[in-house]
S.K.: 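Okay, handing you the structure first.
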Number of protein chains: 2
Amino acid sequence: MTGSTRPPSKFLAAIAQIQEMIKTDRLQSGDKIPSERELSDRLSIGRSSVREALRALELLGLIETRRGEGTYLRDFNNHQLVPLIGAFIFDGDPSKEDVRDVKAILELGCLAILSRKSGADFTRPESSFEQQIEAADNKLLRNIWKIIADYAGSEPDNERLKELLAAAKQIQYLKHQ
Amino acid sequence: MTGSTRPPSKFLAAIAQIQEMIKTDRLQSGDKIPSERELSDRLSIGRSSVREALRALELLGLIETRRGEGTYLRDFNNHQLVPLIGAFIFDGDPSKEDVRDVKAILELGCLAILSRKSGADFTRPESSFEQQIEAADNKLLRNIWKIIADYAGSEPDNERLKELLAAAKQIQYLKHQ
DNA sequence: GCTCTTAGGTGGTCTGACCACACAATTCCC
DNA sequence: GGGAATTGTGTGGTCAGACCACCTAAGAGC
């Protein structure tokens, strides 16, 4: 027994180091990252392991690979994630109804944040939802919304939003503790 | 120009086929999936490519691998996803405030769905949020909530929820079109 | 100048070889 | 016989090398 803790797998190490490299070198969306062979050299990790890391990041939509050219950092418009996860969790695609509800919920929440910011008597502004989401200034919310909206289609669906808003207004919250 | 469309990469094909296999064989969480070598054989895909697919699925939190034992289907409590994506999108972790807001938003939305179902004058029920999320019967909502709650910690945070609910009640929705 | 060829670099894939580990069957000793 | 040590087999983890398909740019030829 050496007492040495098992080192993290090369695969995870590669992901971490690639992330670190991106951060250190201040790489932006669209920038090229080093080739697999160079990464393998620089990180002293076999190319297979580097590839496993890159494939995983690719599946997450974080990078994009172009055969014959290289690997590029990608903007966060995650195409793969929701369908992929959906396919695993549900037996197939998530119900369209569910997706629309979740989208409306996020938008309702966005409006609630804006309302909280600007005080009482908040009126739904006229701007597009992209703008409202930006105004809410919550990156996590924005990104989740983007994923869902991408999947649901970005037609407004004001009806559903109004419906949920009306429902929300009926909620009597019990204070108790 | 042969006109032949480029076949999807073996890597993606492997993911698809593994998913298909899981579905066909009705594998549940905790079940073991075939070994890498067997998958390689059955799918006629090199072990490297199978591994790339498995690593990606592992990073997504969909499977779990245990050296010396095998690969197992995992319950969907995605540890990796949010931190990983967070690390890429934000420069580091998403703001705690943001995470708490999104969690509250999802819970507010859950209540709104329940309210819509049970008609007017809905009172926030006493049961735990797990139960309420289940009652809302929206798997997508449930799973997103699980991810966020896992990250935020599952302490109730009723204050934030009430705050957003109050804000939502102030929203005057403009009908126009 | 322009086109065509060529060389080099890149990702995509496969194979074979090890290692580290976990489990079960087997053997061995008492 | 029963328990402990050994071995065998299967698994994931990793690496190195070899091709292939593809893209780009530099060079050759006109």
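Every chain is numbered from 1 and lettered A, B, ... according to where its sequence line falls, protein lines coming before strand lines. In what follows, every heavy atom counts, from backbone to side chain, and hydrogens, waters and symmetry copies are set aside.
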S.K.: For A/R55 and C/dG12, what is the distance between atoms CZ and C1' respectively, to the nearest whole Å?
M.R.: 8 Å
S.K.: If an axis is fit to five pairs at each end of the helix from C/dG1-D/dC30 to C/dC30-D/dG1, what is the angle between the two, to the nearest 10°?
M.R.: 30°
S.K.: Would you say A/T65 and A/E58 are linked by a side-chain donor-acceptor pair, where the criterion is simply a distance under 3.5 Å?
M.R.: yes
S.K.: To the nearest Å, give me how far apart CD1 (A/I63) and C1' (C/dG11) are.
M.R.: 11 Å
S.K.: Using whole Å, report how far CG of B/L54 lies from P of D/dG13.
M.R.: 9 Å
S.K.: Name all residues meeting the side-chain hydrogen bond (donor to acceptor under 3.5 Å, both in side chains) criterion together with A/E36; count only those two or more places apart in sequence or in a different chain, and write none if there are none.
M.R.: A/R47, A/R51, A/R55
S.K.: Going by heavy atoms closer than 4.0 Å, what residues in residues 43-51 of chain B are next to DNA chain D?
M.R.: B/R47, B/R51
S.K.: Under the side chain to side chain contact (heavy atoms under 4.5 Å, CB included) rule, collect the residues that match up with B/K169, sequence neighbours excluded.
M.R.: A/K169, A/Q172, B/L165
S.K.: Provide a list of protein-nucleic acid N or O atom pairs under 3.5 angstrom, restricted to nucleotides 6-11 of chain D.
M.R.:
from: D/dG10; atom 1: N2; to: B/G68; atom 2: O; distance (Å): 3.0
from: D/dT11; atom 1: O2; to: B/G68; atom 2: N; distance (Å): 3.4

S.K.: CG of A/D41 versus P of C/dG11: gap in Å, rounded?
M.R.: 13 Å
S.K.: Of all residues at least two apart in sequence or in a different chain, which pass the side-chain hydrogen bond (donor to acceptor under 3.5 Å, both in side chains) check with B/T71?
M.R.: none
S.K.: Following the transitive rule for hydrophobic clusters with a side-chain heavy-atom cut-off under 4.5 Å over Ile, Leu, Val, Met, Phe, Trp and Tyr, establish whether B/F129 and B/L108 coincide in one cluster.
M.R.: yes
S.K.: Can you list the residues that meet the side-chain hydrogen bond (donor to acceptor under 3.5 Å, both in side chains) rule with B/E38, with sequence neighbours excluded?
M.R.: B/R42
S.K.: The criterion is side-chain hydrogen bond (donor to acceptor under 3.5 Å, both in side chains); which residues satisfy it with A/R37, sequence neighbours excluded?
M.R.: none
S.K.: May I have the distance from B/I18 (atom CD1) to D/dG12 (atom P), rounded to whole angstrom?
M.R.: 11 Å
S.K.: Once side chain to side chain contact (heavy atoms under 4.5 Å, CB included) is applied, do any residues pair with A/E64, and if so which ones, sequence neighbours excluded?
M.R.: A/R66, A/R74
S.K.: Applying side chain to side chain contact (heavy atoms under 4.5 Å, CB included), name anything that partners B/D41, two or more places apart in sequence or on another chain.
M.R.: none
S.K.: Could I get the full list of side chain to side chain contact (heavy atoms under 4.5 Å, CB included) partners for B/Q17, not counting sequence neighbours?
M.R.: B/A13, B/L43, B/I45
S.K.: For the pair made of CD in B/E52 and P in D/dC15, what is the distance, rounded to whole Å?
M.R.: 14 Å
S.K.: Can a salt bridge be assigned to the pair A/E163 and A/R160 using a cut-off of 4.0 Å between side-chain N and carboxylate O?
M.R.: no
